Structures are given as structure tokens and as C-alpha cells.
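Below is one structure, written out as C-alpha cells; the observations come after it.
Values below: every heavy atom of this structure, side chains too, minus hydrogens, waters and symmetry copies. Just so you know, ligand 1 is whichever comes first in the structure, and atom 1 is the first atom listed for that ligand. These figures come from a predicted structure and were not determined experimentally. Start at 1 with the first residue, then count along the sequence.
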Amino acid sequence: MRRLDISATGAFLASLLALAPAPASAFYFPGVAPTSYKKGDAVPLYVNHLTPADSQNDPKLRSVFSFDYYHPPFHFCQPEGGPKYIRESLGSILFGDRIQTSPFELKMAVNETCKALCEPREYAPRDALFVNSRIYQGYDLNWLIDGLPAAQLLKDPNSNTPFYSPGFALGQVDGEYPQLNNHYDIVIDYHEAGPDNYRVVGVLVDPYSYRDSKYIDKGQAECGNEENAVVLDENGNMSVTFTYSVYWRLSPTPFATRWDKYLHVYDPKIHWFSLINSAVIVVFLIGMVSTILVRTLKKDIARYNRLDQLALDDFGPNGNIEDGVQEDSGWKLVHGDVFRPPKNPLFLAVLVGNGAQLFMMAGLTIAFALLGFLSPSNRGALGTVIIIFYTLFGFIGGYVSSRIYKFFHGESWKLCFFYTPFALPGLVFATFFLLNLFVWGRGASGAVPFTTMLIVVIIWFVISVPLSFAGSWVGFRQPVVEAPVRTNQIPRQIPPAGGYLRPFPSMALAGVLPFGAIFVELYFIMNSIWFSKVYYMFGFLFICYGLMIMTSAAVTVLMIYFLLCAENYHWQWRSFCTAGASAFYVFASALLYWMKDVHFLSWTSGVVYLGYSALLSLLFFVLTGTIGFFASWLFVLKIYKSIKVD
Ligand SMILES: *[C@@H]1O[C@H](CO)[C@@H](O)[C@H](O)[C@H]1NC(C)=O
Ligand SMILES: *[C@@H]1O[C@H](CO)[C@@H](O)[C@H](O)[C@H]1NC(C)=O
């Protein structure tokens, strides 16, 4: 597929940030260029972390922690000389991958049956307890062969089509006993690209639990059968022999389309349904905004300007009364206050700057993904690109915040320079760090390593902060955005407004619409985050992002128009919070997801889940708030430019 042809550029970008935990090995970018093997060549099998997964009979999330494959209590066989880390990109590590070597010996196109992986492994009661509870929580093993994840063959219940679902079970619960899988049937599809030139195009693993397997000698064993399964004894020591068989199947699938059977869209109808749904909302909203605003505004402006003319002609108040229109209502009245700086202008400017940075990052990342640069065959490319864009757009953040701050007639320049790259990113980093401490404390090895954290901090300080300073400086040197009308000395009284114009009802009302544009995709994104699934429906996401921007802008402009008509000129914070309110719905949906799809067996999982949900909602608040603010800003500048004020 074309995805793979252009993914080399993505790989190049990713390699900019590639790390070097294992200096001996080369950059690791599976799926970028095909690897060719001759018959009998060794094909390495790499092991990744163990992740919580949903089993078919009980699709609930039970934990949020992942474990290193060689976490001691698992007692998995290690390669001679100990496992080694495989080089990965920064994004890959931050998103949880821990790829290491394994003792499996696979030879291209050579079938093998019942090989012992290593000498029998001894499980003490403590370890048995640990492994059993991981089986109850439904953990999956994740292996990689030639960049392809080892998968289970599942059937889509809707369309009855088979597809490959990455990951396979550590064990299964049969009745009330947790059975540990100690035998793996590895089925590898290979494609003949030329004479004695073979490529891996699919990997399936069927795990089994055989208690009666006997270890004979290095690499040799006698496999048991399914009659007796391995149930680890929680009261005494027990030894387990790990075995595997390898079956190579010639496949007509060429290398270029080998990912297709992994990227299965579960239920395309629901995506289309949600798209059409939000498109209808958007059309309706835009229609409403344009009729109300364009027509009413035209009338307003014509009336205001006619009144001006009459007043000038008559030099008296009679002109107004004759006209039969009262001038003392409507948004024109607040022209002397509408550009009065808001409360806490610094805080708002910093938030809007950070929001602009997020906005650019999200938009460009999704566009990149849409072009196929971030296909799942580039492991970790998504995370890496997010980091690169966020870092580079520090410039935009600084520029926007200083221009907005100047527009607000802010005085504390240095604070604005300083807070933009430190306040929100600092908060995000601190939360991330604290949650990570939790994962550490829990003993799960899914925590981001300290060195990776350090690299993130270095990138932040060495690249992002200077870029933000530079942006702030450039923005500061630009001329101030002129308000089209003068601001009065004395602030006007704001008449009390009731109903939906009060802050909370207006936020609750307006926030639900942008949320409506994205909630279906949000559900799939949450699924992919918590169940470590690949997310690849970027086409849908791109359209949803566009619809969300339009809805946020339209609904905020509408709300601000009504607000100004009610002679309330505090539009700045109001516009930010009105659009940002959709973040509360995002958080509420995370809670709902918890109630519906999650059943945690420990409170630490809950803390980590809530922490990350709150963090994502906060970022979403800043992002949508910024969209709302900019839309309203442009709107207010435009309408007050079109009226004549003496
Ligand atoms: C169980 O194994 C541990 C170490 O793996 C050992 O220290 C202990 O003595 C063993 N217990 C029995 C009863 O064999
Ligand atoms: C390996 O085993 C599979 C399944 O039994 C069979 O279809 C295939 O032909 C075998 N391949 C070789 C190279 O013997």
C-alpha cells in the first residue's frame, strides 16, 4: 500500500529522536523497508511488555499497568547472556514499548514441533500468586516478528470476517482455575518475493497450557496435551516447561499489504453514523449563525448607522424618537467597553498561547497521520511526531501569547515570556511525573524510565523554551492589534441577565456541541489508549477535528453575540470557557467509560486512570477554549469595525 512507500520520511523524522539503549544494534524501524530472508535464515522474535486486554467473553478493562516481559515473577525464559533492549524511538518508549530479545529460534520456512525454550522454570508461591492474578486480569503477551505483532485470529461478529488482533493471552480462566499458557504454536505467513527470497507477512500465535510437557534436553521436549492444564500452585513450588512449535505457511499476501489484516475497522457504520450526525449539527449551527448574524447584524449595523445620520441631521434627540427605534439596546451600546482588557489578562494570554500551540500540533499530527506517515508499521512514530510538533510549535505559543497580551495592554512582559513555556507544560509534566511515580511504586515496570524523562526535560528546556522565548519576542515586536473603537474611561454598568446567558447554563449549553462532534472517535481513542490497541482511523479523526473546530467557533460566536446584545462586554473569558466547557463533557465521558467498560481490581489503577483522564480533559479545555476565543475575537473586531462611532 502507498502508506509504506512514504513512511520512510516518517522514519527519518522518528530517527531524529531515536534513542540508544543498545548501542550495538542499528535503528529499529520495522516495516519501513522489507527484510528478505533465505530459507533457514534466523528470524528474530522480540518480546514487548505485557498489557491488560479485553477477553472476548468479558470485554472489561481490569488494570492500566503494563509489565516488562522479563519482570522476575513471570519467570519467562531468557536468552543466553540475558535479554537486551532493542533500540526504539522516544515516542515508542513514552507510549510504553519495552522491546527486548528472546530465546526463540525461528528459521525461515523451517517447521519445528515442540522445542523446549529453556530448562523448567520454578514458581514459588508468591510468584504463582502474582501470575495468577495477572491471568485473572486478562493480560496479553506482545511479541514482534520482523516488525509484525504476534496476533490472535478473531472473527468480527458483525461481518463474520476474520482479522488479526495483536496480542495473545498469558493464560485463561477455566471455571475457577487460572491456567498459564506454556506452549506456543507460532504460525508465520511468509511470501516468496523471488527465488530463495522470503518475507514475513503475518504472525499468529495459538497459546496452550500443557501440564505434562517434559523437558528432555536443550531445545528438545515432549509436549503434553490439553487434557491437563498448568494451574500454578499458590501453596508450594511448581516447575513449568515452556515449549513452542513453528509452522511456516506460504502466503499470497505481498509485503506491501501485510498490515491490512491487522487494521480492521470493527464497525465502520458507527463512524459514518457519527460523522453524519455531527455534520448535520454543524450545518444546522452554521446556518443558524449565518442567518442570525448576517441578517440581524446587517440590520443592526444599518440601523445604527442610520440613527447616526439622523442624529447628525437633526442635531437633536427628536430624530431618534421619530424613527421609532430606541437606540438604548443592543451590542452597539457597549462599544466603549468591549475592548476593555479582561480580568487576569496575563493568565488568559498564556492559556491562549498554549492553546494555539496544541491546536497546531493536533492538526498537523492528524494531517501527517492521514497522509500515512504514521502507519502502525512505524512503531512509536505517532508519539515521536507529537513530541516534535509540540516542541517546534513552542514558537507559535510564544508568539500568540505575547500578541494577545499586548492587545490586552498587559504590562508584565517578563511574566508573559516566562509563563507561556513553563506554566501549562510544567503542570502537564508534573502530573505525568507523579502518575509515573505511582506506576513505579506499584512495582509495574510499565513506568517510563528515568532517562527517558530526563530526555523529555532536556528537549523541553533546550528546544521548546528558547523557541517560545523567540516567538514571544517576535510577537512583542509586532505592532499592537488596534481596537476599532475607543474604550471609555469609566466602565459601564452591566444590566443583570438571566436564563441561559448566566455563565454556567451558557457553558453547559454550548459545550455539548463540540463534544458531540467528537465523542464517537473519542470512545475509540480511549479504547486504543487503555487496551494498547493501534488507532489508525485518522481519516475519520481528521474530519471530526474539522467539525469540532467549526462547531466550537460557531457556537461561541453565537453565545457572544447574545451576550453583547444583553450589554455584557466580558466576552474574553466567557468565550474561552464557553468553548472549553466541552472538556467537562470529555471528562464526564471518561467517567462513563469507567462505569461501563472498566472494572479495576486495585485503587491504584483508578488513580492513574483518573489522573490521565483529567490531564487529557485539561488539554482539551485549553484547545477548544482557544478556538472559541479566536472566533469571538475576530467576530468582535469585525462587528465593531463596521459601525460608526462618534
Ligand atoms: C521453593 O523454591 C525456592 C526458590 O525458588 C526455594 O528457596 C525453596 O526452598 C523451595 N521450597 C520447596 C518446598 O522446595
Ligand atoms: C509447515 O507446516 C504447515 C502446517 O502444517 C504446512 O502447511 C507447511 O507446508 C509446512 N511448511 C514446510 C516448509 O514444511
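- In this model, no donor atom of one side chain and acceptor atom of the other lie less than 3.5 Å apart for T253 and H191.
- A donor atom on one side chain and an acceptor atom on the other are not found under 3.5 Å apart for Y523 and S589.
- Take D189 and apply the side chain to side chain donor-acceptor pair (under 3.5 Å) test, not counting sequence neighbours, and it matches Y164, R249.
- For the 3.5 Å distance criterion, the side chains of Y593 and N527 qualify, holding a donor opposite an acceptor.
- Using modelled atom types, one side-chain atom of N181 and one backbone atom of A169 make a donor-acceptor pair closer than 3.5 Å.
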When you pair each N or O of ligand 2 with protein N or O atoms, which pairs come out under 3.5 Å?
| unit_1 | atom_1 | unit_2 | atom_2 | d |
| --- | --- | --- | --- | --- |
| ligand 2 | 2 (O) | N111 | ND2 | 2.2 |
| ligand 2 | 11 (N) | N111 | ND2 | 3.0 |
| ligand 2 | 11 (N) | W248 | O | 3.4 |
| ligand 2 | 14 (O) | N111 | ND2 | 3.4 |

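- Using modelled atom types, one side-chain atom of Y244 and one backbone atom of E105 make a donor-acceptor pair closer than 3.5 Å.
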